[in-house]
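Single-structure report; data block below.
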Amino acid sequence: MGVRGLRNGAIVSFVVSMAILLVGGYFAVDKVPPIPAKVVSGQTAFSDQASIMRGQNVYQRYGLMDHGSVWGHGSLRGMDFAAHTLHMIGQHMRDFVAAGGQPQAGAYAALSDARKREVDAAVIDEMRTNRYSEGTKALELTPAQAYALEQTRAYWEKEFGQGDPHYGFLPNTVRTAQERKDVADFFFWTAWAAGTKRPGLNYTYTNNWPPDRSMGNTASTEALLWSLASIMALLAVLGTVVYVVHRYGFFYGEAKAVEASYKLLRLPVTPSQRSSAKFFLVAGLLFLVQIFNGGLLAHYTVHPGTFYIEFIGEMYPYSWAKSWHLQLAILWIALSWMGTAIYLAPLVAGREPKGQRTMVNILFVAAFTVTVGSLLGQVLGIKGYLGEAWFWLGHQGWEYLELGRLWQILLFGGLIFWLVVVYRAIGPVLKGSPKETEDAADRRALVTFYVLSAIFVVAFFGFGLLYGRGTHLTIADYWRWFVVHIWVESIFEFFGVAVISLFLVTLGLVTAKSALRVAYLTAILVFVSGIPGTAHH
Ligand code: HEM
């Protein structure tokens, strides 16, 4: 296929893939597990929507998603709060039922095996029956569930108040009793959604996730079939790609001699290129701090909440180490991108616009401020020092997008400014002339591809601003994955192949045409796989 066909293929792939994801989101929006207006048992009110949402905010503000997970999303080493709560609910309900409708801890253990099986079946049936009323928006709990709710509240009060070395929870991980109660109600709701059938269907709101046989959660036939089909499809598509790439010689452009390194050495370094050095220096430092935090995470996995230097274990919780481990990675990657694009611009354009170095320095100061501010904010947020400003300045609570909303907006603004800085240098190259040769046109197309990929990097970060402080968990996660998944599985590759291609062509190692072919093919592959693939989250 020619370059033009591949380019059109890349455009169609992007449009179709985004349409699939957005239309899917549109139809899924009213299928989110309902958050009941009130949670009652008989005449007694137990909880309500406000309490559950406050609880979600507590989960966010103390960075608990970086300590554990909900419905499988969050830190992999910590507990899944929904799964843990669901399992506990089952235990308490079994005790309640075993004691003939009386709250009595340990009653279930005293039963015979045959009687235990009866109680198990009764509790699974009771939990899976959906007692949420669409009309009144009320969730009716059975007496056993109401008992379980109270017991799980007591459990979370202890875990987050006194702390628990087993899970690495420091004392006062969640600072006030009210907040601990609210977060317990939130976890109870997530467990309810994970263990109760969707109306009219034979599996739960979370498709029987997490698996827990004691609560009747086993993978549905559909889930198994689709997983199997996906693995087969992956193998089939991989085989096809390998075949097409070699059959049509995608990587066999006419490589030029490896004079390139000499050429690069001989090129003069412009002032803005020199200025870009500090981006790499800071990125390197951030990388070092990041892997130290990774080491600490690995240590905490084995020895939760303790360290050789005692005060570190006492003041540096898992959630802090995990948040920084992820945020530092994003920040040094972002800084490296910025630095690379700034360095590359004069190479590609063959000139440097006036005042470019000052612009680069302003960008550096802005990026550095956001880096320091967001990292400090996360710690202060986790420690509960920011009060109601937690969402804006502290820890927003979503894994990978931990940084407070103000820092997120500033980073978005900084990235746009970065585009402007790079465009100033590279813009003139984008203008074609009627007499340009085919090779020059291909080079220009490659630069356009590169600029577009940089715009995509920034635009997709913007999707993270589409949820707010009180957004439903499922919807917030939908947009969060637009940034995290599409960045990692599509845009990184898109941008990466653009930078590498441009670099290779600028150095004279490959022709613009062969680089373009590879770049477009990569774009097609990462769009059709990465974008709709977001749905698996
Ligand atoms: C010595 C180096 C490193 C060590 C010891 C380390 C250790 C760890 C540990 C223990 C976790 C699990 C945290 C959890 O989910 O509970 C983790 C997660 C993670 N690390 Fe590292 N890490 C290192 C370097 C890196 C580097 C260089 C990067 C990226 C540039 C990175 C990116 C990540 C990411 C993205 C996760 C989250 C995975 C997920 O939740 O799905 N790590 N790391």
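Numbering starts at 1 and runs along the sequence shown. Whatever order the structure lists ligands and atoms in, that order sets their numbers, starting from 1.
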Atom 1 (C) of ligand 1 sits nearest the protein heavy atom I291 CB, 3.9 Å
The answer for which part of I333 has a heavy atom under 4.0 Å from ligand 1 is neither
Under 6.0 Å between the ring centres of W390 and Y62? no
- Message: Tell me if the aromatic rings of F307 and Y316 count as close, with their centers under 6.0 Å from one another.
- Response: no
**Asked** Is there a side-chain contact between L234 and L238 (heavy atoms, below 4.5 Å)?
**Response** yes
Counting from 1 in the order shown, the ligand 1 atoms closer than 4.0 Å to a non-hydrogen atom of G295 are 5 (C)
Per-atom filter on ligand 1: closer than 4.0 angstrom to a heavy atom of K322 are 13 (C), 14 (C), 15 (O), 40 (O)
Atom 7 (C) of ligand 1: closest protein heavy atom, distance to 0.1 Å, is G294 O, 3.3 Å
| said: Between Q290 and N293, do the side chains contain a donor N or O and an acceptor N or O under 3.5 Å apart? | reply: no
shortest atom 13 (C) of ligand 1-to-protein heavy-atom contact is with Y318 OH, 3.3 Å
Checking heavy-atom distances from atom 35 (C) of ligand 1 to each of V484, V488, L326, N293, the winner is L326
Q.
For a 4.5 angstrom cut-off between non-hydrogen side-chain atoms, does W481 reach W487?
A. no
Less than 4.5 Å apart, any side-chain heavy atom of S214 and any of H87? yes
Within the 4.0 Å heavy-atom cut-off, what W332 brings close to ligand 1 is side chain
Task: H92-T152 side chain donor-acceptor pair, cut-off 3.5 Å - done: no
Of all protein heavy atoms, the one nearest atom 40 (O) of ligand 1 is E399 OE2, 3.3 Å
Query - Validation row, ring centre Y167 to ring centre Y318 under 6.0 Å - result: no
Residue, atom and distance of the protein heavy atom nearest atom 39 (C) of ligand 1 read Y400 OH, 3.4 Å
Do R405's NZ or CZ and the ring of Y467 fall within the cation-pi criteria of under 6.0 Å and 45°? yes
Looking only at non-hydrogen atoms, the one of H67, M65, Q290 nearest atom 28 (C) of ligand 1 is Q290
Ligand 1 atoms nearer than 4.0 angstrom to some heavy atom of A298 are 10 (C)
Would you check whether L76 has a nitrogen or oxygen atom less than 3.5 angstrom from a nitrogen or oxygen atom of ligand 1? yes
Atom 42 (N) of ligand 1: closest protein heavy atom, distance to 0.1 Å, is H325 NE2, 2.8 Å
The protein heavy atom nearest to atom 11 (C) of ligand 1 is L297 CD1, 4.0 Å
**Item:** contact_flag F287 ligand 1 heavy-atom lt 4.0 Å
**Value:** yes
ask   = Would you call P33 and T474 a side-chain contact if the rule is heavy atoms closer than 4.5 Å?
value = yes
Atom 12 (C) of ligand 1 sits nearest the protein heavy atom R77 CG, 3.9 Å
Between F187 and the options Y155, F81, W192, the side chain to side chain contact (heavy atoms under 4.5 Å, CB included) test singles out F81
